[in-house]
Every structure is written in C-alpha cells, then in structure tokens.
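Working notes for the structure below.
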Amino acid sequence: MNDPLRMKRNKLLDGTILGALFDLDGVLVDTAKYHYLAWKRLAEELGFCFTEADNERLKGVSRLRSLEILLEVGHRSMNGEEKAAAAEKKNAWYVEYLSTLDTGALLPGSREYLEQLRLGGIKTALGSASKNAPLILERLGITPLFDAVIDGNLVSRAKPDPEVFLLGAEKLALPPGSCVVFEDSAAGIEAARAGGMRAIGVGRPENLPGAELYINSLQDLL
Ligand code: BG6
Ligand code: MG
C-alpha cells in the first residue's frame, strides 16, 4: 500500500536500529498538563500570569532552568536560596497532582509500541530530564518495559546536551548510531542529533526542527 507513514516506519526499523530511547513527558505520558498547573500556581502566588504558550518554553527543560524561564516571563528575580525553595514548592505540588495519575495518562500506543519493539529484539531505554521519572514509571506500571532508565537524577548536563541519551546507549551497550530517540521537545531532538542518533519528533515539524520523521503519537507506528 502507498501509505507514507508505513513506508517511513519500515525505513525506521530497517535492521540498523538496535535500541530505542524515549523521552517521558509528552512522549509516553501526558504529564505536561500537571507541570503546567504547578508552574502556573507558583506564578500566581508570585503575582503574575503564566500562559500555556509560555509553558511551551519549559518542555524538556530542567526544573531549575524552568523556574528561571518562569521568572523571566514575570520579570522577577530570586537568589539561589529562594530559587531552590520555589522549585521545591513547585515540585511538591507537581508530585501531589501525580498522585491521581493512572494508566489513563499513558499517551496512545506507548505501552503497545514498547512491547512491540522488545518483542522484535530492540532494546529500550528512558532518557528523561525528570527527577520524578522512576515514580511516574512505577505508577503507570511500565518500569519492566525498559532495559535502562536514565533520568534527571543521573545526568548533570541538560538537553540539548546529549549526555542523557549517550548514557542510555552506553547502558544498553549499543553504539549511538544504532539508536533512535523519540522526543517532543526541540532541545531533545537537538540532543539526539548531537549524540549521533536518529531522531523522531512527536509533534509538529515547525516546533521540532531536525527530526527525520514526525508522528502525533507512538500509535502512528503500530
Ligand atoms: C522534562 C519536562 O521531562 O522534565 C520538563 O519536559 C520538566 O517540563 C523536566 O521541567 C524536569 O522534571 P522534574 O519532574 O524533575 O521537575
Ligand atoms: Mg518531553
């Protein structure tokens, strides 16, 4: 059949790919809304508005850098101690929102695609900036679907630095060139490319320059 997505999918799994690395928030699970609610609550407490459009800038960005962007939006400044306290407060709210998280938060096709890859002998790893990643994987019951989990607790350099994905490939004992990364942030696509990996964008091409294929969700690849 002349289905362009199917042709691209076949090209993607052409036998040269041995490992798949997944971002978490926005690729496997719909947690972006909870991050947004918690940041918005912090902004309101500080006395300014924080819109969903502003929130786009926080995707894939570390907790502390996210706070700095939020302060830029509100034209506020904080010293190091105040920043640490504000980031901690936001995280406590975020974790509280996560307590309602269940398998319904998995994005379409996440579990099935991970299972399909593993059945096909492809190794899987998580490559996320989030320090809450282990908690989220546990709550969703998908921890066993990963051969390696690299999260914000294990890396020192944030995306677009390739550290998180290079560490993932290393844990899978695979060369970066045999890995593909699934990402919904521009910084993440840049990180994958900088690490010498193939990159699939989950989202729109205009937001994710440099990916070789764009999908709405992993469901598109089933
Ligand atoms: C990324 C999210 O996955 O993790 C960012 O896209 C978030 O929005 C970052 O700031 C850090 O997450 P956490 O859970 O450690 O605050
Ligand atoms: Mg993401």
Side-chain angles (χ1 to χ4, degrees), residues 20-43 50-73 83-101 105-110 125-140 142 146 149-165 167-168 180-192 197 199-204 207-211 214-218:
L21 294 109
F22 294 84
D23 174 51
L24 178 66
D25 297 313
V27 170
L28 296 174
V29 60
D30 188 15
T31 37
K33 63 182 178 219
Y34 299 116
H35 276 297
Y36 173 56
L37 285 178
W39 285 125
K40 187 163 157 315
R41 187 165 164 186
L42 183 71
F50 189 69
T51 66
E52 278 193 69
D54 296 326
N55 190 61
E56 279 299 303
R57 293 177 61 196
L58 308 190
K59 283 191 180 171
V61 173
S62 74
R63 195 182 303 168
L64 199 58
R65 182 65 198 128
S66 295
L67 173 66
E68 287 166 355
I69 295 171
L70 180 122
L71 293 174
E72 258 171 56
V73 170
K83 280 185 194 170
E88 179 58 45
K89 188 181 245 188
K90 178 267 169 181
N91 191 57
W93 287 329
Y94 177 63
V95 170
E96 186 188 312
Y97 299 150
L98 288 182
S99 65
T100 61
L101 200 73
L106 279 169
L107 287 166
S110 298
L126 190 84
S128 167
S130 174
K131 294 184 174 175
N132 292 300
L135 169 77
I136 295 168
L137 295 183
E138 277 304 315
R139 287 201 64 90
L140 299 177
I142 57 171
F146 295 94
V149 172
I150 313 297
D151 62 39
N153 302 292
L154 298 175
V155 293
S156 52
R157 295 186 300 278
K159 300 169 189 175
D161 189 287
E163 185 186 13
V164 66
F165 295 132
L167 202 55
V180 62
V181 168
F182 294 85
E183 256 294 348
D184 73 321
S185 75
I189 297 288
E190 206 182 320
M197 299 174 193
I200 309 301
V202 182
R204 303 168 73 85
N207 297 332
L208 303 170
Y214 297 91
I215 56 175
N216 292 317
S217 73
L218 295 168

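Residue numbers start at 1 and run along the sequence shown. Whatever order the structure lists ligands and atoms in, that order sets their numbers, starting from 1.
- The protein heavy-atom contact nearest to atom 7 (C) of ligand 1 is Val61 O, 3.2 Å.
- Considering backbone and side-chain N/O atoms, Arg63 comes within less than 3.5 Å of an N/O atom of ligand 1.
- In terms of polar-atom proximity, Tyr94 is not counted as a contact of ligand 1, lacking any N or O under 3.5 Å from an N or O of the ligand.
- Of the protein's non-hydrogen atoms, the one nearest atom 13 (P) of ligand 1 is Ser130 OG, 3.5 Å.
- No option in Val164, Ile150, Leu137, Ile142 other than Leu137 meets the side chain to side chain contact (heavy atoms under 4.5 Å, CB included) test with Leu126.
- In this structure, Glu88 does not pair ionically with Lys131, as no charged nitrogen and carboxylate oxygen lie closer than 4.0 Å.
- Using a 4.5 Å heavy-atom threshold, the side chains of Asn132 and Tyr34 count as separate.
- The shortest separation from a heavy atom of Leu24 to ligand 1 is not under 4.0 Å, leaving the residue out of contact.
- Contact annotation for Lys131 and ligand 1: heavy atoms of both the backbone and the side chain come within less than 4.0 Å of the ligand.
- His35 and Lys90 are linked by a side-chain donor-acceptor pair at a separation below 3.5 angstrom, with hydrogens and angles left out of the test.
- No donor-acceptor pair closer than 3.5 Å links the side chain of Glu190 to the backbone N or O of Pro160.
- Taking every non-hydrogen atom of Ser66 and a distance limit under 4.0 Å, the qualifying atoms of ligand 1 come out as 10 (O).
- Of the protein's non-hydrogen atoms, Asp25 OD2, 2.7 Å is the one closest to atom 3 (O) of ligand 1.
- No side-chain donor from either of Arg63 and Tyr94 sits under 3.5 Å from a side-chain acceptor of the other.
- Shortest contact from atom 8 (O) of ligand 1 to any protein heavy atom: Leu58 O, 3.2 Å.
- Shown are Leu24, Leu135, Leu106; of these, the side chain to side chain contact (heavy atoms under 4.5 Å, CB included) with Leu140 is made only by Leu106.
- For the Mg ion (ligand 2), the set of protein N/O/S atoms nearer than 2.8 Å consists of Asp23 OD2, Asp25 O, Asp184 OD1, ordered by chain and number.
- The side-chain heavy atoms of Leu37 and Trp93, taken from C-beta on, include no pair separated by under 4.5 Å.
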